[in-house]
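Down below is the structure, laid out as structure tokens.
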Amino acid sequence: MSDFTFGNPEVVEINTDILLIGGGMASCGAAYEAKRWAGDNMKITLVDKAALDRSGAVAMGLSAINTYLGPDRDTKDYCRMVSADLMGITRDDLVFDVGRHVDDSVHLFEEWGLPIWKEKGSEGVLLKDGGKPVRSGKWQIMINGEGYKTIVAEAAKKALGIDNIIERCFIVKLLLDKNTPNRIAGAVGFSVREHKLYVFKANTILNCCGGAVNIFRPRSTGEGMGRTWYPVWNAGSTYAMAAEVGAELTMMENRFVPARFKDGYGPVGAWFLLFKSQATNGYGENYVIKNADMLADFAPYDRAAVVPTCLRNHAMLKEMKEGRGPIIMDTPTAMKKLAETMTPQEIKHLEAEAWEDFLDMCIGQAGVWAGMNIRPEQNVSELMPTEPYLLGSHSGCSGIWVSGPEDMNSPAEWKWGYNRMTTVKGLFTAGDGVGASGHKFSSGSHAEGRIAAKNMVRFVKDNAGYKPEFKKSVAEVAEEIYKPVRNYLEHKDKTTAEDVNPFYILPRLLQMRLQKLMDEYVAGVSTYYQTNKVFLDQGLHLLTMLKVDSQKMRAKDLHELMRAWENYHRIIAAEAHLRHIMFREETRYPGFYYRSDFPKLNEAEWKAFVNSRIDPDTGEWHMRKIMHVDLVEKFYGGGAH
């Protein structure tokens, strides 16, 4: 700990050419790729709120790589799959770009030491040399992935050098340039371990801090509080920081509501795809088949090769609302069927794999099974749709509007600048940050980070004479960042119990207020994901008051200061989500949310991107619609659409 007192930090100023914010898969990919092109004269700095080895959505590990094409998969088919699952509104240029590059990242992972399952006769042969992976679906391959993130982080560390990586530093504000309009100039954050304020001046910045978790009230309460499906530390910082400097957001109305093993949020992909398990209602009926007619209301997407995730949820929610729950994953039948052709030794191996699926990526679910005496070969397990999440790399497409690849026949409005650059000059993003695409997962996020980084190096070379100068003084920004500390120090002695005080609010309690209003007014679990304009108006009214009250958050230590700033970011991401749902007057994602006042799909008027922008000078929101264009022909049930 330094000699500087709490609230009076040592200011550390760092000048760099390329600043990478975040330590997940996208940023690790960017670190590796940027170094390949930058040369020794270009300074690259990576700053991470956590520690690179276990940062981001892959922190705990994974049991599958969900995006790998291989030589027998077509990139256009990948675009069709992504589009269909996201109800027809994605940018084919961005998705195709990931599809054509993602395999190279997967080959690197294997080269770096990631164990990838191979088919019999293909053991020991690398994928790039023709090895055949064990697939758990058309696009997924199985891995032993408990060390996945540490392997990928090691490559990033080796590329950049440990001296260029700052861990345990939470970047909370991006800063615009004083002299050039709409130009990124730097970023400011604080150490969550020492009394240090970090001020970065940069030619270009990659903003890659994950999606948004805990803006909705989670299903887990009491002793389970903090258990979520997506990483609990993803606070919407990517979206909030970009929005605050005027970057245009897109598709922030979209959210993902995963159906997962109840209470532990354990993944279901391997159970559906590898183990061929069936999900049923409480009476053993396959609810997707049973409710096929209902899904026809959302044609043509109900005829996609794989029924979209939101429509499968839609069918599940009907069963739950009409009293035919709980929803069951029939693990014993699936394992029994697989065991029919196996030796006793192979059966034991299968049972081990059933547990390993969780131990590789969701240890909490294994704990739930153990604590409830569940053995998957003997007992069924409950499934439950979770609270909503905002993300752009998994089965969701919320995020930032970016410029796409130059070499595709895409509209001019999709490629105004460098690939993966936002509407703010010099500010790039990747992974969860890129909106209007999706289904990148871990490998695609890494590949997208690499795409962005290569273009950032080009940007630096093209803007070699640039000297950043901030619009605001460092002293002004420091006062903003440490306001929760000032609130605490000024008022803590006015009550006998410091946690009860009329002059400030604890970050934990402010977060509960945010989650409650989002849950009840913006289509959370308590309303079965339903909302309407009246609800949304009231939600916006309450959110506006919450924004005022957020200025009264306190921070009694660095950990609480981090929590306070995560809440600021969550509030901005939440407001974007609310405003987008209000603007899109249709139900585009049944099963994820319902506009009960506009319950139908409206292809004629709303097959469009919804974009928003905050004016950084006035704070006013501006919404607009951009018509959708297909670059890859789509087929549903045999016909073109």
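Every heavy atom of this structure was used, including side-chain atoms; hydrogens, water molecules and symmetry mates were not.
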Donor-acceptor check, side chain of [X] to backbone of [Y], threshold 3.5 angstrom: yes or no?
| X | Y | result |
| --- | --- | --- |
| Lys440 | Gly431 | yes |
| His628 | Ala608 | no |
| Thr587 | Pro590 | no |
| Gln365 | Gly264 | yes |
| Glu110 | Leu127 | yes |
| Lys336 | Glu377 | no |
| Asn532 | Phe535 | yes |
| Arg54 | Thr150 | no |
| Ser83 | Thr90 | no |
| Arg420 | Gly404 | no |

What is the minimum heavy-atom distance between [X] and [Y], and which atoms define it?
| X | Y | answer |
| --- | --- | --- |
| Asp432 | Gly392 | OD1-N, 3.0 Å |
| Ile89 | Met251 | CG2-CE, 3.8 Å |
| Asp302 | Ala296 | OD2-CA, 3.3 Å |
| Arg312 | Val306 | NH1-CG1, 3.8 Å |
| Thr386 | Val257 | O-CG1, 3.1 Å |
| Ala366 | Trp355 | O-CZ3, 3.6 Å |

Note, [X] side chain near [Y] side chain (heavy atom, < 4.5 Å):
| X | Y | value |
| --- | --- | --- |
| Pro388 | Phe256 | no |
| Thr531 | Val522 | no |
| Val102 | Tyr68 | no |

Which residues pass the side-chain contact (heavy atoms from CB on, under 4.5 Å) test with [X], sequence neighbours left out?
| X | value |
| --- | --- |
| Glu154 | Lys158 |
| Pro115 | Asn144 |
| Lys318 | Asn291, Met294, Glu322, Arg324 |
| Glu520 | Arg217, Lys516, Ser526 |

May I ask you to check whether over 12 heavy atoms, not counting those of [X], lie within 6.0 Å of atom [atom1]?
| X | atom1 | value |
| --- | --- | --- |
| Lys120 | NZ | no |
| Arg375 | CZ | no |
| Met342 | CE | yes |
| Lys76 | NZ | no |
| Glu123 | CD | yes |

Audit row: Lys607, Asp630, side-chain contact (heavy atoms from CB on, under 4.5 Å) steps and yes/no: CA-CA 11 Å; Lys607 190 164 184 192; Asp630 276 323; 3.9 Å; yes
Salt bridge (Lys or Arg N to Asp or Glu O under 4.0 Å) between Lys157 and Asp53, intermediate numbers included: CA-CA 9 Å; Lys157 285 179 180 178; Asp53 279 352; 3.0 Å; yes
Stepwise side-chain hydrogen bond (donor to acceptor under 3.5 Å, both in side chains) test for Trp369 and Ser381: CA-CA 9 Å; Trp369 266 6; Ser381 289; 3.1 Å; yes
Under the side-chain hydrogen bond (donor to acceptor under 3.5 Å, both in side chains) test, residues paired with Tyr148 that sit two or more places apart: Ser442
Residue pair Lys634, Asp92: steps toward the salt bridge (Lys or Arg N to Asp or Glu O under 4.0 Å) verdict: CA-CA 11 Å; Lys634 308 300 190 303; Asp92 287 334; 2.7 Å; yes
Test side-chain hydrogen bond (donor to acceptor under 3.5 Å, both in side chains) applied to Ser398 and Asn254, step by step: CA-CA 6 Å; Ser398 57; Asn254 180 264; 5.1 Å; no
How about [X] and [Y]: are their ring centroids closer than 6.0 Å?
| X | Y | result |
| --- | --- | --- |
| Tyr239 | His577 | no |
| Tyr594 | His314 | yes |
| Trp229 | His394 | yes |
| Tyr78 | Trp139 | yes |
| Phe261 | Phe358 | yes |
| His107 | Phe109 | no |

Electrostatic pair Glu387-Arg219, nearest N-O below 4.0 angstrom: no
Electrostatic pair Glu33-Arg450, nearest N-O below 4.0 angstrom: yes
Full working for side-chain hydrogen bond (donor to acceptor under 3.5 Å, both in side chains) between Glu586 and Asn602: CA-CA 6 Å; Glu586 67 159 354; Asn602 183 348; 5.8 Å; no
CD on Gln140 to OG on Ser63, rounded to 0.5 Å: 10.5 Å
Test side-chain contact (heavy atoms from CB on, under 4.5 Å) applied to Ile116 and Lys118, step by step: CA-CA 6 Å; Ile116 295 174; Lys118 299 289 171 43; 4.2 Å; yes
Glu603/Tyr301 under side-chain hydrogen bond (donor to acceptor under 3.5 Å, both in side chains): CA gap, chis, key distance, verdict: CA-CA 11 Å; Glu603 289 277 89; Tyr301 307 107; 2.8 Å; yes
Candidate pair Tyr589 and Arg255, rule side-chain contact (heavy atoms from CB on, under 4.5 Å), full reasoning: CA-CA 9 Å; Tyr589 307 104; Arg255 83 261 291 257; over 6 Å; no
Test item: side-chain donor near acceptor, Glu353 and His349, under 3.5 Å: yes
Salt bridge (Lys or Arg N to Asp or Glu O under 4.0 Å) partners of residues 272-288, not counting sequence neighbours, each pair once: Glu285-Lys290
Passing candidate, side-chain hydrogen bond (donor to acceptor under 3.5 Å, both in side chains) with His439, options Asn66, Thr67, Asp85: Asp85
Evaluation steps, side-chain contact (heavy atoms from CB on, under 4.5 Å), between Glu351 and Met335: CA-CA 8 Å; Glu351 289 171 4; Met335 294 188 76; 3.8 Å; yes
